[in-house]
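Just so you know, these numbers use all the heavy atoms, side chains as well, and skip hydrogens, waters and symmetry mates. Residues: numbered from 1 along the sequence shown.
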Amino acid sequence: MKTLIIDQKMSGTGSIHDLASQHYDREIKFRGSNKYAVVAASYYGDIQSSHATQKSAIKASKALGDYSHKIIDTDGNTYSIYGDTLQPV
């Protein structure tokens, strides 16, 4: 299992839309051979899921609807949804 760390942010900085928490480092866990994770803003708690395919990550992202979140890969790159694929941001 691969783990990506999102470093803690300084208290009182950023916004509620940030993935980084002001309380602790966040561990994003990629199970098995999964390459993508859908990670909700820290404001919502530790909501995250990992996915092997772009299609699965897109589906999970759409399920979160208006909740602030990002799709990231095992290297920490972020993606946006463009049609049926992910494009690097």
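By the 4.5 Å heavy-atom criterion applied to side chains, Tyr24 and Asp46 are counted as neighbours. A heavy-atom distance below 4.5 Å is not found between the side chains of Pro88 and Thr78. Within the 4.5 Å cutoff, no side-chain heavy atoms of Ile72 are placed close to those of Asn77.
Distance alone, capped at 3.5 Å, places no donor-acceptor pair between the Ser56 side chain and the Thr53 backbone. Side chain of Gln48 to main chain of Val38: no donor-acceptor pair is present (N/O by atom type, distance under 3.5 Å, no hydrogens or angles).
Listed here is the closest heavy atom pair of Leu19 and Ala40: CD2-O, 3.7 Å. Residues Ser42 and Ala20 approach most closely at OG-O, 3.0 Å, considering heavy atoms. Taking each heavy atom of Gly45 and Arg26 in turn, the nearest pair found is O-NH2, 3.4 Å. Heavy atoms only, all atoms of each residue included: Leu86 and Gln54 are closest at N-OE1, 3.0 Å.
The distance from the NE2 atom of His69 to the CD1 atom of Ile47 is 11.0 Å, given to the nearest 0.5 Å. The CD1 atom of Ile6 sits 9.5 Å away from atom CG of Asp25, with the distance rounded to the nearest 0.5 Å. In this structure, the separation between CD1 on Ile58 and OG on Ser80 is 9.5 Å, given to the nearest 0.5 Å. Atom-to-atom distance recorded for Gln22:CD and Met10:CE is 11.5 Å, nearest 0.5 angstrom.
Val39 is not connected to Leu64 by any chain of hydrophobic side-chain contacts under 4.5 Å among Ile, Leu, Val, Met, Phe, Trp and Tyr, and they are in different clusters. Ile28 and Tyr36 are members of different hydrophobic clusters when ILVMFWY side chains are connected at heavy-atom separations under 4.5 Å.
Using modelled atom types, one finds a donor on one side chain and an acceptor on the other under 3.5 Å when comparing His51 with Ser49.
Qualifying ring pair (Phe, Tyr, Trp, His ring centres under 6.0 Å) partners for Tyr44, counting only residues two or more places apart in sequence or in other chains: Tyr67.
Taking a cutoff of 4.0 Å between a charged side-chain nitrogen and a carboxylate oxygen, Lys55 and Asp84 do not qualify as a salt bridge.
For the salt bridge (Lys or Arg N to Asp or Glu O under 4.0 Å) condition, no pair includes a residue of residues 59-81, sequence neighbours left out.
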